[in-house]
Number of protein chains: 2
Amino acid sequence: MKHNFGAGPCILPKEVFQEASEAVIDFNNTGLSILEISHRSKEFEQVVIEAEALVRELLQVPDDYSVLFLQGGATQQFAMVPMNILPEGGKAAYLDTGVWATKAAKEASKLGTVEVVASSSDKNYNYIPKDFSVPADATYFHYTSNNTIYGTEVFEKPQVDIPTVVDMSSDILSRVINVADHDIIYAGAQKNMGAAGVTLVIVKNSILGTSGRNLPSIFDYQSHAKAGSMFNTPPVFSIYVSMLNLRWLKAKGGVSVIEQENIIKARTLYEEIDRNPLFKGTANEEDRSRMNVTFVMDTPEQEAAFLELAKKRGLVGIKGHRSVGGFRASIYNALSITSINALVDAMKEFEELSK
Amino acid sequence: MKHNFGAGPCILPKEVFQEASEAVIDFNNTGLSILEISHRSKEFEQVVIEAEALVRELLQVPDDYSVLFLQGGATQQFAMVPMNILPEGGKAAYLDTGVWATKAAKEASKLGTVEVVASSSDKNYNYIPKDFSVPADATYFHYTSNNTIYGTEVFEKPQVDIPTVVDMSSDILSRVINVADHDIIYAGAQKNMGAAGVTLVIVKNSILGTSGRNLPSIFDYQSHAKAGSMFNTPPVFSIYVSMLNLRWLKAKGGVSVIEQENIIKARTLYEEIDRNPLFKGTANEEDRSRMNVTFVMDTPEQEAAFLELAKKRGLVGIKGHRSVGGFRASIYNALSITSINALVDAMKEFEELSK
C-alpha cells in the first residue's frame, strides 16, 4: 500500500478514483465516455449544477456570492483578481507569507500599485506576520491562507477593514470558514477539491466589474457568473472529479467533520515531531499548518536515511521543498489517519534503529 | 452501439478511453492514480515531453516554433494572441467566417484596432470569402480554419503577406498542414487532440514578446515556452489524454493517413446528401468541411422524424446548431467509417420509408 503525502496534485478518495475511472468508459449509463459527451448535454449540465450546489452547501456560501469553476489555476487568479477589482492606477495591499504570496503580489503589480504590508521573509517564512495595518487608500487586501512550502496557515482572517481576497488553494474545504469575511476566495482544485485543471472562485456579486477595465470576456468574472461557468467549453472531466469529491465530503458529514479529522491527523503528527528527538518542526508553533507539516533532521545523512526507510514503508511524496529542505508531509482531506500512523510509526522505528 | 457525431467535446478512440480509465486507478504501474501524482514527478514530466514530441512529429513543426499546452480554450487565445503580438494601438486584420471568428475579432478589439477584411455573414456563413486584401499596416491576419456551426473549412491558407494566426480548434491534426505558413496556430483540444481542458498553441519563437506589453506572466507565451508548459500546475489528466490520442494517431500512420480516411468519410456522407432527394447540404460545395457536415430537410416535420429514426439507430449528436437548423454530423478523426455508413444507411432507410 502506498501512502501519498504529495503536496499537490495529491491524494483523493479511492471511491472518487473508482467512479471517475468508470465514467471514462461509460458516464451515467449514457453509453458514452465522460470525455466524449457534450458540455451542453443535460447530463453534464447536471454535473456543473450539482458541483456548484455542493460548494454552496459545504461552505455555506451566501446567496450574494457567485461560485465559478474556471481554468488556469491560482496563478491565473493572481492576474484576474486585480483585473476585475483594481481600477487603473489603484492600489492593493498584499501580505507576504511565502513564494505564492510573493508571486500573487508581483502579478498584481503589473496592473496597479502593490503595497506589501508585512512579510515573514526574514525567517524564511516560518511564521505568519500579525502586526500590520493596511493603507486606507488600498482597494483590497490579499493573503494566502495556507503556505504549502513552509507549513504555515492563517486560521483567522486578518483584521482589516477593506475588501479581502484570499488564495485558499491548499486549505479550502479542510476547515469551516465564514465566506462572508472575504470578497473573493479562490483555489486551484488540485488539493482538497479535485484534480488539476479547474479553479474554484467564490466572488461577492457586488464587486463584479468594479475595476472598470475593458477586459477580454474570458478574464471577466461576470462572463462566467452569467453563464453558470459555461461561458466557454469548461474542463469537463476536472469539474466532474470535483463533483465526485464534493459528494464524498458531504457523505462524510461535511467540512466540520473533516475539520475535526484534520485536527486529529495534524496533532498526531506534530506530537511525534515534538516528542521524537530526531525530528524538529520548522514552522512557528502557533502558525502550524494542518495541511502541510514541515520538519527537518540534524544532518543530511539522517534525512537521506529516513527518506529511504519511508520509501520502504510506502510513504511517498514526503521530501521537503528545496527552499526549506527536510520533509513535508501533506495531509489533505483524503489522507487517512492510517497513513499518518504509518508515518509516525516510521519515525519511531527510525528512532529505535538510531539508538 | 452508439455513433457519436457530437460537435465537441467529441468521440475519441476506444483505446484511449480504456487506457485513460486504467490510469485513473493505476498510472504506469506507480500504484497511484494519474489524478494524484505530482505534475513534477518524473512520470508526468515524461507525459508532457512525449505529448510535445508527438505534436512536433505529427505536424512536422519546425524547430523555431514552441509547442505549448495551455488552459482556457480557444476563447482565452482570442485574448492572448493580441496580448502577445499586437502592440498597444496596433491594428489586426480578421476574416469573419462565423460566430467563433466574430468572437475572436471582438475580443481582439478590446486590445487594439480590428479590421474585418471580409465576411460571409450575408449568406449565414455558408461560404468562405476569398477575394479580400489586408491593410498594409496590420500586424497580423487571423482566420478560423474550420467553422463547426456552418460546416465550412479553409483548406488553403489565404494569400496574405503579413504574419498569420489561425484558430484550428476543430480541424487540427485532421489533415496535413504547413506549420510554417502561420506564426501562431491554436486549438482547443476537445475535437481531434483530446479531452476538454487543454489548448494547443504552436507559436513561432521570433514573435514572442513582440507586443511589448507588460503582461501578467500567465498570459505571456514566453513563460510557458521557457517552462515547457509547466509554468504552473498544468491540466495533468487532459494532457495525458491528449498524449494517448496522439500516440493512437501516430500508430494509425499519422496525419496523412487520417487525412485520407477523413476525405473518404466526408465524401461518403456528402455523396448521400447530394444523391438523396430528401436532404440538402447547407455549405457552399467548394468550402465543405471534412469535419462538420451540415444538411437540412424541407420541413421541420421531416427533420423531427429523421432525428427520431437516427436516435433509434444509435446516431447521437446530429442535431444542427440552432443558427443553421437541420443536422450537423461531426465526423472527427476518431469517428469510424462504420459510423458514417450507419448514418448513410439511416438516410436511405428514411428515403424508403417516405416513398
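Not measured: the values here are computed from a predicted model.
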What part of [X] lies closer than 4.5 angstrom to a heavy atom of chain A: side chain, backbone, both or neither?
X	answer
B:L111	side chain
B:L32	side chain
B:V16	neither
B:F78	neither
B:T75	both
B:K2	side chain
B:M83	side chain

Item to check | Part of A:P82 within contact of chain B (heavy atom distance under 4.5 Å) | outcome: neither
Checklist entry - Taking it one step at a time, do B:K110 and A:F219 satisfy side-chain contact (heavy atoms from CB on, under 4.5 Å)? => result CA-CA 12 Å; B:K110 296 181 185 175; A:F219 305 136; over 6 Å; no
Checklist entry - Quick check: does any side chain N or O of B:N232 sit under 3.5 Å from a backbone N or O of A:G73, one acting as donor and the other as acceptor? => result no
Checklist entry - B:P9 versus A:L35: any side-chain heavy-atom pair under 4.5 Å? => result no
Next on the checklist: Please determine whether side-chain contact (heavy atoms from CB on, under 4.5 Å) holds for the pair B:K103 and A:S217, giving the CA-CA distance in whole Å, both sets of side-chain angles, and the decisive distance to 0.1 Å.
Outcome noted: CA-CA 10 Å; B:K103 286 187 185 181; A:S217 316; over 6 Å; no
Next on the checklist: Below 30° counts as parallel, above 60° as perpendicular, anything between as tilted: where do the rings of A:F237 and B:F237 land?
Outcome noted: parallel
Next on the checklist: Measuring from atom OG1 of A:T233 to atom CD of B:Q190, what distance do you get when rounded to the nearest 0.5 angstrom?
Outcome noted: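 So the gap between those two atoms works out to 4.5 Å.
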Item to check | side-chain contact (heavy atoms from CB on, under 4.5 Å) partner of B:I25, the single match among A:E22, A:Q18, A:K14 | outcome: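 It is A:Q18; the other options fail the test.
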